[in-house]
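Data block below; observations after.
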Amino acid sequence: MNKIHENAINLYQKNISYLEKVDNNLYKKIKLFEEALNLNHISQKYILEYNDNYFDVFDNEKNSWLYNENSINYSRLIINDLNFDTKINTFKTFYDYQYEDEVIERVKNSNIESSAILGISNILHYVNNNLPKKEVFSKIYNYIVFGVGLGIHIPIIHKEINAKIYNIIEPSLELFRLSLFVTDYAEIANKSELIFYIANNESEFYEKFSLNYMQTFFYNHYIKFFMFSKNCNLYINSIQTMLTSQGHYLYSYDRELMSLKRTFINAIQEYKYIDISKIREVELLSSLPVLILGAGPSLQNKIKFIKKQKNNFFIIAVYGTMPFLEKHNIKPDVIVQYDEGDVGVYDTILELKDISFFKDTFFLFSSHLDEKIYNSFNKENIYVFQAMFRAKERLGSLTSPSVGEIAFVLSVILGFRKICMLGIDMSLDPETGKSHYDGYISNEATKEKKELSNEVFSFRKNIIPIKGNLIEEVKTLPLYMTSIRQLESHIKNLRNKVSLDIYNFSNGAFFQGTLPYKTEEYKNLENINSKKNLYKSIKNYLNLLSTKEFNKNDIEIINNKLEDAKKIKNVIKKFGKIKKLDEDQFKLKLHEIQENFCEGYVCYDLQKILNNYFSFVIHYIFYFFNLEKLSNKKEHIKNLQGLLCKQLLKIADAYIESLELTKSV
């Protein structure tokens, strides 16, 4: 027994030394926990016991054993169904598009700015048409273990799977610490990388898993997992949310190309491009209470408050609220619009009874709006902020998943410091289940789906319970979770630079860094003197921040980008001409060409678009070549090499064409 105790202590020391080197944050967590135990600041929930040749854990709170049987035999038994089948116990990380042959013929020579679903069709169709009858991994790169217990199952899994990376997830720090006495993590780490997610809250886990996921996205077509513990649903939901909100799905490369092109088209039309490169301190605005109005259901629910107090705020409203505000005779001082979509955006204008209602409103429009939107309003009142890309480098740019966050950030950049938000719910109405006010173009009530499996999970439909702002809990969608995280990130970053008072009046999601406030309790309101005089002052201020021209530095940067874009184009061409690549050489070249997109060039925007396209297709290619019983590999390499190069060159050409618009300036 003494020998067993000694071995456990030695193994713990080995593991803790390993953690100190590879995951110092986790190491410190464990040491702090041990110190708290020794000082009796916390009580011990789990006790490690050795019974009849095996370890078990006694739960003091539940008065029960974790395994309650031979833990070694149990661990061997539960991993009996381990396999390399790509469709069993896996997260599917992509949307499964299928194409008819006639569609592929039609899109062979299509414009690269057409739908991304069409632009990626040639490679996806080729892969899908040549898959083996049974899809079985030859190697497993990324593997997830949900739940540690004493970790006895992990080396058994490793012996069978031999994955390159193991993501080890355990909600209990105390339980994981006990596993260090029993399981030799350091030994497994000699052959594989171990990434630990121990006692992480949802936000910590999401951020860490997302980062690690992106570093291995070449191999992440399907990610296999093993479920030891049922206490990991929080993390499973986070993974599903992350997978459905990957950047290339939120904003695909074709939309990026459109954004880039429109940014340059609108710039040469001499619209006033506003400088958002830095945060302003403006005495006129710092004490002025601003009310940011979104199109969430709280806008409608709190309409009496808005009507009563409309003269006590400087009102910044998102574009989609215009018909509603006109109906209720609420004139916003500023309208903000970001989304580059055409049909729904223009429909908002068609809903207006009298567009002159907004004749004294300033419009902060993103640089990638369609010209029809610009042409609908007084050009003198339009101020353009650069969206995803920059035609004029010095003026900065701003992007975010939704216009609500954009409106908030712009208000701070311009100089507002006392900010109230209403209608930025980012959740479903607790009573109706609706996502926006009645009459909003894309409003719908969403029926809750209880099962959140990776097969049924939907970015726009599935329900996630989260902390509410004015009530304990509200329901939201994965789509809004992305915006919530982004808004909270903006708030945190801006608060590090300036002092802000942020009040959230909405009966929606809670945002870290804001103060929940009921409208009936908000008393610090004073009537704004003479909005007419304020209008003139702000117009002069915005004009000072804006420019219509390209300066010499802008043109020089554009010319440098064009030069580098042509170099990248040559890299792609050279890749396309390489003959007789074997599988390893082909994969290596794909890694190299992707790294070429990322380093050493000033055309960062082209690199971003090319990587977006890669995110759609590259994992299909690596998955394809990682399947057992795949024949004719050399022929597949040749064909996929040609298909890939053709699309990459189309993207480079579209980029060059957009930048060359400035030659007419």
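- Using a cut-off of 4.0 Å between Lys/Arg side-chain N and Asp/Glu carboxylate O, E592 and K589 are scored as salt-bridged.
- When ring centroids are compared, F137 and H221 stay outside the 6.0 Å threshold.
- Using a 4.5 Å heavy-atom cutoff, the side chains of Y253 and F614 are not in contact.
- Two residues are said to be in side-chain contact when any heavy atoms from C-beta on lie closer than 4.5 Å; L150 and Y67 meet this criterion.
- Comment: K134 engages D85 in a salt bridge, judged by a side-chain N to carboxylate O separation of less than 4.0 angstrom.
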Steps toward ring pair (Phe, Tyr, Trp, His ring centres under 6.0 Å) verdict (F196, Y185): CA-CA 11 Å; F196 295 99; Y185 294 106; 5.5 Å; yes
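- Put simply, the residue from Y620, Y623, F616 that forms a side chain to side chain contact (heavy atoms under 4.5 Å, CB included) with F94 is Y620.
- Here the rule is side chain to side chain contact (heavy atoms under 4.5 Å, CB included) with L66, and of D59, L175, L48 only L175 fits it.
- For the side-chain hydrogen bond (donor to acceptor under 3.5 Å, both in side chains) criterion with S298, the lone passing option out of D429, D425, N507 is D425.
- Because its NZ or CZ atom is both nearer than 6.0 Å to the ring centre of Y197 and within 45° of the ring axis, K208 counts as a cation-pi partner of that residue.
- Within the 4.5 Å cutoff, the side chain of I491 has no heavy atoms near those of the L500 side chain.
- Using a 4.5 Å heavy-atom threshold, the side chains of F510 and N504 count as separate.
- If you run ring pair (Phe, Tyr, Trp, His ring centres under 6.0 Å) between F622 and each of F586, Y219, Y141, only Y219 comes through.
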Determine, step by step, whether F91 and F225 satisfy the ring pair (Phe, Tyr, Trp, His ring centres under 6.0 Å) criterion, reporting the C-alpha distance in whole Å, the side-chain angles of both residues, the deciding distance to 0.1 Å, and the verdict. CA-CA 8 Å; F91 285 104; F225 65 83; 5.0 Å; yes
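- Side chains of N167 and N142: a donor-acceptor N/O pair is present below 3.5 angstrom, by distance only.
- Side chain to side chain, E135 and Y222 fail the donor-acceptor criterion of an N or O pair below 3.5 Å.
- Look at E583 and K633 and you find a salt bridge, because one of the NZ, NE, NH1 or NH2 atoms lies within 4.0 Å of a carboxylate O, short of that distance.
- Here the side chains of Y480 and S435 are in contact, with some heavy-atom distance below 4.5 Å.
- Residues I88 and D81 have side chains not in contact (no heavy-atom distance under 4.5 Å, counting atoms from C-beta outward).
- In this structure, F408 has its ring center at least 6.0 angstrom away from the ring center of H490.
- For H153 and Y74, the side-chain atoms include no donor-acceptor pair closer than 3.5 Å.
- Both the sub-6.0 Å distance and the 45° axial angle are satisfied by R485 relative to the ring of Y206.
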